[in-house]
Structures are given as C-alpha cells and as structure tokens.
Number of protein chains: 2
Amino acid sequence: MKKKLSIIDIANSLNISKTTVSFILNGRAREKRISEELVDRVLKYVKEVGYKPNSLAKSLRTGKSNIIGLLVQDISNNFFASIARQIEDRAYKNGYKIIYSSTDNDTQKTQEMIAMFRDRHVDGYIIVPPEGIEEDISALIKDGLPVVLFDRYLPNVKTDYVVVDNLFSTYNATRYLIDKGRKNIAFITFTNQQTQMLDRLEGYKKAVVESKLKTNIKEIDFYPEEKLIAEPILAFLNEHKETDAILFGNNYLGTCGLKVIRKLGIKVPDQLALISFDDTVVFELCNPPVTAISQPIDDIADQVITILLNRLNSSAQNDPKQHITLPTTLTIRESTN
Amino acid sequence: MKKKLSIIDIANSLNISKTTVSFILNGRAREKRISEELVDRVLKYVKEVGYKPNSLAKSLRTGKSNIIGLLVQDISNNFFASIARQIEDRAYKNGYKIIYSSTDNDTQKTQEMIAMFRDRHVDGYIIVPPEGIEEDISALIKDGLPVVLFDRYLPNVKTDYVVVDNLFSTYNATRYLIDKGRKNIAFITFTNQQTQMLDRLEGYKKAVVESKLKTNIKEIDFYPEEKLIAEPILAFLNEHKETDAILFGNNYLGTCGLKVIRKLGIKVPDQLALISFDDTVVFELCNPPVTAISQPIDDIADQVITILLNRLNSSAQNDPKQHITLPTTLTIRESTN
DNA sequence: ATGAAAGCGCTAACAA
DNA sequence: TTGTTAGCGCTTTCAT
C-alpha cells in the first residue's frame, strides 16, 4: 500500500516550494511568470510519479467541490434515468461529478438529501421538486447556490427551470382522441398539486370542454408500489364501462394501466383508445403499441446542465432566471386507431 | 447568506474547547467522562443553532468519506437502475452516500472513474467490471480498499462478488425450449469474455449438445447504440430462416431483438419461440409476452451492500472473500408456448 | 520569478 | 474532566 503523494512531496523532490507547484498545477504559471523550463520539469515529474491533488483538501480550501447534486423522483424510472444519464455525461466532461438520489416524491427524504448535499458542499443542484419543498429550495437560493429545476417548477420560487409544454401536450392529445370520434375520454392522474400534473389536467379539460364533452378524471394517490396504483385503476375501469378512451398522466400510470387493461382483456383500441404521457420502450413494443406524448429527453437534459454549468462559471451568476418550455411530440401508434 | 458555523463557534459560544465539542458530537463523551450536564448543554445548543459539522474537513482529517462508489454498466438500463436504487437506499440508511457512474463497458472510462473515486477518497467500491480492468481493481484491493463486484466477476482478482447461476439458467431455459420441441435454437450474445456471458453461453451449449442438436451462436459487438445491435440481429434472422427459437443473452439484446422481430412480422411463438435473460416490464407487456430468466434483483442488491457494509465496519475486513451465487427463475410466458 | 506561512474545519494525541 | 495544539493537503496573500 504505497503512501499517497502530496504536493509537498513533489515540491521537496524537485527542491522548490509547494506554492510554485500549486501555481503550475492550476495553470497560473504564466500569470505568475514561472519559467517554461520549470513548468515542464514539474509537469513531467508529476505525470511520472502519478501525483493527483487531493480534491478533498482542495475543496476544503476553496469551498468548491466540483460536485453537482441531482435529485430525481425515481432513478429507476426510464424517463429520469435517461435524463440523469445525459446530465452525468455532460457534467463529467466539464469536470463535475454527480451525486444523485431518488426522492420518491417524499418531502422529508428530499429535505434530508438536500441537507446531505449541503453538507458535502455541492456546487449546484438539479432537482425534480416534490411538494412542500419550497422553503428548503428558497434557502439554497438565498445562500447563493445555483438550483435548476426540471419536469415541474415551483411557482413561488424564483429560479431556473426546464419543463415541457404540458398543457398543450395533453390538449393536443385529447383533441386527437376527439377527432378520432371518442366521446368518453378519461384522464388518469396523480393526486397532487405539482405544476406538470396540473397543466396536463388543464390541457385535457380544455379540449374536452371545448368539444362539449364530459370530463372524467380519476386521481390516484401516489405510492411507490405498483399494487396501490393498479387497484384504483382497476376499480375505475369497472365503474366506468362507458369510457372509450384514456389519457394517462405519465408513464408510470400508463404502464400500470396497461397491465390492468391486459388483465381485464379489454380490446384496445376497439373498446378503449389509449394515450400515455412519456414514451417508453414498453409503449412501443406492447400490444397494440400505445400512442404516447414523447418528451424531448435529450433536450431537457441538455438545457438543464447547460444552464447549471453557466451559473457555475460565475460569469452568468446573476443573469435573469431562465424558464425553458420545450415542446413534446405525439407519437401515434395503434392504440388510437 | 448566513455564515456557516464551525465547531469553534460552538466552542466559543459555550466557553469550552472545541475538543470537548468534538468528543461530544462524536459520541465519545462517556468514554472521555464528560459531564452529562455539559453534554446536554452542547447538544441542545448545537441543535438550536443548527450546526452541522463540515464533512469535508472531517474526511480530510479522518481519511474516511462515508461515500461508496458505484460503477454499473448503464444506469438507464432497468436491471442496473433497480439494483442501484436498492443499494442507494440501504447505503443511506447506514450513513453512506453513493456516487455513481455508468461505465458503458468502456475500460478507459471506467479507469477514469475509479481514479476520480479514489481522488474523492470513497470508502468502498461496488463495480460491474468491464473487460481489461483487472489491474485497476487489483490496485484498489492492494491498497486495502473494499471492492464488491456483481453481475460478473474477474477470475484473476481475489475479491467479493455476487452473481447469479448463469450457466444453469441458460441450460435450464434451453432445455425448456428443447422440451417444447424446438430444434434450431439460436443464442444471441455479445462478443466478450465476461464471465456472465461466457457462462450463459456454456449453459446453452451444454443443453443443445446434450440433446444432439446443433448450436447456432450469434455474437454481436457491443455498442451503446441501438441501431448497431439491431442490424446484426436482422442480418442473422434473414440468414437463418431455419431458426425456430432464440435465447437472448440479456435484456438489451432481447428488447432490440423484439423490435426487429416485430418489424419483420415473424410470428411468435409459432414460427419462433423466444426467451430472454433478465426480466423487464417490456417482456411482460409485449405481444406475446416473452418468457424470461428473472434475476433476483432485490437479493443481489441486498447481498452486495451487506457485504460491503460489513467490510467497511472493519471487523470483517480480513474475513475470507465471499463469492455469492444466486439462483434465477424462469418466468414462463406465451412466447414459448 | 519563487517562497514562507496562514488558514479552510476537523480529530486526536498529549497535557493539565 | 477539559483544553492546547499539531496536522490532514491544499490555495493564496504577502514578501522577497
């Protein structure tokens, strides 16, 4: 177990001071007018012995950790996993690491995670905020820490966010169902006050009301357990035999719903047309394939990390907050024929 | 932006020394015979002002970071995401945080990530090792850092690992196909020397040879891009019209294969029976549902983190290395009728 | 152009 | 029972 080298070892071996080594390693040689010759000698030696500065000490000293904290609702959900994946890639390319966690939409867990992140001195936050987290996030912002939200935002918190045009997306999807001649369109969503779900609900309502049809909304309490989602859906389907189309508020609901529908042996699209928010490989491969509102995953990830990296590069620290709204695509498949 | 409190602020406010505060905060009050009265006073004050020790400084001093480094092949793959999820939960409950990254099975990227983790002084490693990473992992172990591998292992590296009984799993699945009367069973796998893929191949071969049938193996180079997987599968299917059953080496191949088969309009199971390693919701919901070799995800995650936490709790540091092999389940669905 | 030394916040050996 | 102090490895001001 070879002892780890420190900057002082390097300095001693080269008979110079650690200050000089530090300057050279941090690219401030020019600025400090250190001779080319010395710079080369140090760089070469450092590489030769494989010296790596201790980033802990560096962080302690500079107050910067080069870590970004990422809080998504559920890292095992394909939508969040894909975004996390891309954010991670871009972050690493820019010298940042990611610490992530799933929040499960649980306020307390999220608070604990934010506390942990602060503790670790993370430089910036990317958060998919659960309800009731406004204060904690405001506190971060007040302390000058950059926070970018995505998927949803908090109306009372002034910070950057990236969302999709939820209202138009469901409006458009609902219109599509109406144009296909569906009369009893249900919307299945989660019981919460998150902006994305509210907007999706609004879009659905708007289209239904415009066409003088009746709304039929089923709100389900969120629990991270599939059975507790499937049961209410089952109950709803049994109660509302007249329903001839369903719009699911997200992929979790859509996938669960699909399982229930399959079990019930309901014919799609003859008896029931289906559209789900979020596209996944399941909707592509199931039978029949399900029409989906595809979110621009790459774009979302890209915008989020770009905004955050900008804030981190201090120059843009006080620019006005950015509110990005991206469009979705209705990917039409056989479930709405 | 309120200034962060340090231990010395606490000590000063209470007119005691920071040593005392440190001892109390680290639960060593009893051992140091600090008066109950003082302990209470300190704890109360600390809570009151919301003081949190700076974990960076703590890590720098103690050499422990309370961070576990997790390297999986692809965090957006359901199998790895689910395991990561569970590991994360258990880790947090035990006071550890997770830093993770996807390796993409890319040796160089993995090396860089290991270097980064070392740099951050992570306390332990959980790795799904790509090929060619033996030396780097051996180096970790030589330096006394606990490493737990899963999904596959490195025959020349003596460390803990958790895998499933790959050989028996594919043997069993292949037997199942044979018993169903299939004669031309193909095995589609990735071109690599990883233990899990080799064992899966062996299991397949064993069953086929035992039954005096002919093996038909298609090896595909791995690229993290779907098109580059789908094309060789398509070519294979076109060339081998006689194939009446396919066993896919993992869920990535299975999902891609499913898309190709769907596009080709091949009738499953009439023309072609299908089994895939790894179970996912796609296999459950696609048409027809696909028989799958289910890995015990919860168990794997649980074993991995249990072993690592044990090593971290120093008592078990030098116990013999553990090699856990878990059984899989063949989840039979309509694709093999 | 280079170096000495202070200090980031914490722990722990040693002193009292 | 409690306090003093060195030092983890680094950056950065100030001196030279």
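Only a predicted model underlies this, so the values are computations on that prediction, with no experimental measurement involved. Quick note: numbers below take in every heavy atom, side chains included, and nothing from hydrogens, waters or symmetry partners.
- When the side-chain nitrogen and oxygen atoms of B/Arg28 are compared with OP1 and OP2 of C/dT11, none of them lie within a distance under 4.0 Å.
- As a whole-Å value, the separation of A/Ile8 CD1 from D/dC10 P is 9 Å.
- What separates CG of B/Asn26 from P of C/dT11 is a distance of 5 Å, to the nearest Å.
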Might you list the N or O atoms of the protein lying below 3.5 Å from N or O atoms in nucleotides 3-5 of chain C, with each pair's distance?
{"residue": "C/dG3", "atom": "OP2", "partner": "A/Ser17", "partner atom": "N", "Å": "2.9"}
{"residue": "C/dG3", "atom": "OP2", "partner": "A/Thr20", "partner atom": "OG1", "Å": "2.8"}
{"residue": "C/dA4", "atom": "N7", "partner": "A/Thr19", "partner atom": "OG1", "Å": "3.2"}
{"residue": "C/dA4", "atom": "N6", "partner": "A/Thr19", "partner atom": "OG1", "Å": "2.7"}
{"residue": "C/dA5", "atom": "N6", "partner": "A/Thr19", "partner atom": "OG1", "Å": "3.4"}

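- Residue B/Tyr51 has no polar side-chain atom (N or O) positioned under 4.0 Å from OP1 or OP2 of C/dG9.
- Between A/Glu36 and A/Arg30 a salt bridge is recorded (basic side-chain N to carboxylate O distance below 4.0 Å).
- With D/dG9, C/dC10, D/dT12 as the candidates, the nucleotide lying closest to the side chain of A/Ser6 is D/dG9.
- Side chains of A/Gln86 and A/Asp298: a donor on one and an acceptor on the other come within 3.5 Å.
- In this structure, A/Arg118 pairs ionically with A/Asp143, as a charged nitrogen and a carboxylate oxygen lie closer than 4.0 Å.
- Judged by distance alone with a 3.5 Å cut-off, a donor-acceptor contact links the side chain of B/Arg61 to the base of C/dT11.
- Summarising the geometry, the separation between CG on A/Asn54 and C1' on D/dC8 is reported as 8 Å, rounded to the nearest angstrom.
- Side chain to side chain, A/Glu134 and A/Asn156 fail the donor-acceptor criterion of an N or O pair below 3.5 Å.
- With hydrogens and angles left out, the side-chain atoms of B/Gln108 and B/Asp106 include no donor and acceptor closer than 3.5 Å.
- The B/Ser35 side chain lies nearest to D/dT2 when the options are D/dT2, D/dC10, D/dA6.
- Protein atom NZ of B/Lys52 is 13 Å distant from nucleotide atom P of C/dC10, rounded to whole Å.
- The shortest distance between the side-chain N/O atoms of B/Ser22 and the OP1/OP2 oxygens of C/dC10 is not below 4.0 Å.
- Between the CD1 atom of B/Ile24 and the P atom of D/dT2 there is a distance of 8 Å, given to the nearest Å.
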Would you sort out whether B/Phe150 and B/Tyr161 count as a ring pair (Phe, Tyr, Trp, His ring centres under 6.0 Å), showing the intermediate values?
CA-CA 5 Å; B/Phe150 79 94; B/Tyr161 62 76; over 10 Å; no
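- Rounded to whole Å, the distance from CD on A/Glu31 to P on C/dT2 is 14 Å.
- For A/Lys58, no side-chain nitrogen or oxygen approaches OP1 or OP2 of D/dG9 to under 4.0 Å.
- Here C/dC10 presents its C1' atom at 15 Å from NZ of B/Lys64, a figure rounded to the nearest Å.
- In this structure, A/Arg30 reaches neither bases nor backbone, as no heavy-atom distance under 4.0 Å exists between it and the strands shown.
- Between A/Arg118 atom CZ and C/dG9 atom P the separation is 14 Å, expressed in whole Å.
- Side-chain contact of B/Arg152 with B/Gln73: a donor-acceptor pair under 3.5 Å is present, judged by distance alone.
- Contacts of A/Lys32 with the nucleic acid, taken as non-hydrogen atoms under 4.0 Å apart, include base atoms.
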